[in-house]
Amino acid sequence: MHQCYYCEQLFDTKEALFDHVEIHSDIERNNEIMERKKQGKK
């Protein structure tokens, strides 16, 4: 079993875990971009 370190969801294979973690990394990257845009407008 493999566990996501972001949301603690469990997966049977490393491949499934890696596919899932990509979702979190995309969300974090998008949040960083949005924060920079917000700060740029001030």
Give, for atom CD of Gln39 and atom CZ of Arg36, the distance between the pair rounded to the nearest 0.5 Å. 9.0 Å

If you compare all heavy atoms of Cys4 against all heavy atoms of Val21, which two are closest, and at what distance to 0.1 Å? SG-CG2, 4.3 Å

State the CZ-CG distance between Arg29 and Asp26, to the nearest 0.5 angstrom. 5.0 Å

Do you reckon Ile23 sits in the same ILVMFWY cluster as Leu17, going by side-chain contacts under 4.5 Å, direct or chained? no

Residues forming a side-chain hydrogen bond (donor to acceptor under 3.5 Å, both in side chains) with Asp12, sequence neighbours excluded: none

Would you say the side chain of Tyr5 lies within less than 4.5 Å of the side chain of His24, judging by non-hydrogen atoms? no

Kindly work out whether a path of hydrophobic side-chain contacts (I/L/V/M/F/W/Y, heavy atoms less than 4.5 Å apart) joins Ile33 to Ile27. no

When rounded to the nearest 0.5 angstrom, what is the spacing between CG in Asn30 and CD in Glu35? 12.0 Å

For Met1, I'd like to know if atom CE has over 12 heavy atoms of other residues, nucleotides or ligands within 6.0 Å. yes

Is Phe18 reachable from Tyr6 through a run of hydrophobic residues whose side-chain heavy atoms are each under 4.5 Å from the next? no

Quick one: does Gln3's side chain have a donor or acceptor within less than 3.5 Å of a partner on Glu8's backbone? yes

